[in-house]
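Reading through the structure tokens given below for one structure.
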Amino acid sequence: MPELPEVETLCCQLRQVIIGAKIEKIDVIDPKLGTTEGLEGKIVRGIRRHGKTLSLELEGNLELVLHLRMTGRLLWSNGNGLEPHTRLVISFADGRIFLIDPRRFGTVTINRIGDCSSLGCDPLEGFDASHLWKIAQRCTIPIKSFLMDQRRIAGIGNIYACEILHRARLYPWRKTNALSRAEWTELGGAAKEILTRAIACRGTSVSDWRDLFGREGENQDYLLVYGREDTACYRCGGRIQRRKLNGRGTYFCPTCQNG
DNA sequence: CCCTATGTTCCCAA
DNA sequence: CTTGGGAACATAGG
């Protein structure tokens with residue numbers, strides 16, 4: 001589920017409930033997740049996001065890093081009952097964070113704050129079009145693969161890659177090094193627009209995405225191409241197609257995404 | 001049985 | 001070395 005806008009939604013909502021709170025207890029329901037030793041009793045100093053990773057910054061220069069992968073979600077609740085597929089429970093004085101993850105791909109790790117990560121730039125922190133244009137010059141992979149490569153740009157997954165490319169009028173298979181500087185600028189603007197609106201809508205609930213408080217997002221009402229195979233393009237009336245790229249369903253309008 | 005799924009990593013081939 | 005393709009991970013749903 002979660003790409004940058006969904007993780008950003010959780011990040012903002014977690015700040016509302018656990019900044020300054022003490023971790024009373026951590027229950028690892030599914031040991032496949034990894035270890036969370038030694039964090040009980042620590043105060044949450046901050047919450048941050050980089051790409052699709054979410055970190056709880058703790059005392060002692062430590063951070064608990066969550067990655068939700070395909071089907072992970074977080075739920076804030078006061079109750080004791082476990083929803084199906086609950087993998088981890090972090091308890092505070094006035095509530096608990098439940099990590100729910102049917103496919104069990106999610107991960108939890110402990111890092112020292114400041115350890116460098118292999119993630120690329122975050123498109124909300126500044127999509128540096130001229131820097132990206134430069135590193136794109138020797139890169140012949142399709143532009144959609146480039147956008148989704150977390151080492152180069154962190155946070156864009158399959159849904160938003162499709163949406164951004166449609167907004168920027170770019171064909172997903174276009175060679176990365178064939179984009180002009182002007183097209184990179186256009187792409188940066190499209191990314192910013194698509195992602196900020198998705199955040200304002202608290203994410204895209206096309207399947208089972210819910211925010212921290214269990215509510216659906218609203219961005220599914222604004223999707224331009226994702227999931228719209230064989231329907232009319234809102235911009236030009238063309239017929240939206242779906243084809244595979246690197247094993248992922250790729251939605252685009254062959255009529256207006258020809259650049 | 002088939003196919004699909006919002007992510008990442010690894011292996012293999014060209 | 002790079003790039004690209006596919007499988008794997010584990011589970012649910014159509």
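In what follows, chains carry the letters A, B, and so on, assigned in the order in which the sequence lines appear, proteins first and then strands, with residues in each chain numbered from 1.
- What separates CG of A:Leu245 from P of C:dG5 is a distance of 7 Å, to the nearest Å.
- Residue pairs that meet the side chain to side chain donor-acceptor pair (under 3.5 Å) test with at least one member in residues 28-43 of chain A, sequence neighbours left out, are A:Asp30-A:Arg104.
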Nucleic acid footprint by protein, nucleotides 9-14 of chain C - heavy-atom cut-off 4.0 Å, B for base, S for sugar-phosphate alone
BBBS--
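- Distances shown here put every side-chain N or O of A:Lys244 at or beyond 4.0 Å from the OP1 or OP2 atom of C:dG5.
- The side chain to side chain donor-acceptor pair (under 3.5 Å) contacts involving residues 161-170 of chain A comprise A:Arg167-A:Glu193, where partners must be two or more places apart or lie in separate chains.
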Using atom types as modelled, flag every donor-acceptor pair under 3.5 Å from a side chain in residues 53-63 of chain A to any protein atom, sequence neighbours excluded.
unit_1: A:Thr53; atom_1: OG1; unit_2: A:His50; atom_2: O; d: 2.8
unit_1: A:Glu59; atom_1: OE1; unit_2: A:Ile43; atom_2: N; d: 2.9

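- The phosphate of B:dT8 (OP1 or OP2) has a side-chain N or O of A:Gln150 nearer than 4.0 angstrom.
- Not counting sequence neighbours, A:Phe98 has no partner by the ring pair (Phe, Tyr, Trp, His ring centres under 6.0 Å) test.
- Atom pair A:Arg152:CZ and B:dT8:C1' shows a separation of 15 Å (rounding to whole Å applied).
- A:Ser145 comes within 4.0 angstrom of nothing in the nucleic acid, heavy atoms only.
- The separation of B:dT8 from C:dC1, taken at their C1' atoms, amounts to 22 Å, rounded to a whole angstrom.
- The same atom, P, is picked in B:dC2 and in C:dA7; the two are 13 Å apart, to the nearest Å.
- Rounding to whole angstrom units, CH2 of residue A:Trp173 and C1' of C:dT3 are separated by 17 Å.
- Regarding A:Ile153, its CD1 atom lies at a distance of 14 Å from the P atom of B:dG7, rounded to whole Å.
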With Watson-Crick and G-U wobble geometry limited to distances under 3.5 Å, how should the secondary structure of DNA chain B be encoded in dot-bracket form, using | for bases paired to another strand and [ ] for crossing pairs?
.||||.||||||||
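- Relative to the six-membered ring of A:Tyr234, A:Arg228 meets both conditions, a distance below 6.0 Å and an angle of at most 45° to the axis.
- By the 30° and 60° cut-offs, the orientation of the rings of A:Phe146 relative to A:Trp184 is perpendicular.
- Annotation: ring pair (Phe, Tyr, Trp, His ring centres under 6.0 Å) contacts of A:Phe127 (sequence neighbours excluded): none.
- Sequence neighbours left out, the pairs with a member in residues 183-192 of chain A that pass salt bridge (Lys or Arg N to Asp or Glu O under 4.0 Å) are A:Arg174-A:Glu183.
- A straight line from CG of A:Leu66 to C1' of B:dG7 spans 15 Å, rounded to a whole angstrom.
- Applying the salt bridge (Lys or Arg N to Asp or Glu O under 4.0 Å) test to residues at least two apart or on different chains, the pairs with a partner in residues 235-244 of chain A are A:Asp230-A:Arg239.
- The local environment of CZ in A:Arg197 is crowded, with over 12 non-hydrogen atoms from other residues, nucleotides or ligands closer than 6.0 Å.
- Every pair passing side chain to side chain donor-acceptor pair (under 3.5 Å) that includes a residue from residues 84-94 of chain A is listed here, sequence neighbours excluded: A:Ser91-A:Arg96.
- Residue pairs satisfying the salt bridge (Lys or Arg N to Asp or Glu O under 4.0 Å) criterion with at least one member in residues 113-141 of chain A, sequence neighbours excluded, are listed as follows: A:Arg49-A:Asp122.
- Within residues 246-254 of chain A, the residues having any heavy atom closer than 4.0 Å to DNA chain B are, in order of number, A:Arg248, A:Gly249.
- Taking atom CZ on A:Arg138 and atom P on C:dT3, their separation rounds to 9 Å, with Å as the unit.
- The separation between A:Lys144 atom NZ and C:dT3 atom C1' is 17 Å, rounded to whole Å.
- Rounding to whole angstrom units, NZ of residue A:Lys175 and C1' of C:dT2 are separated by 13 Å.
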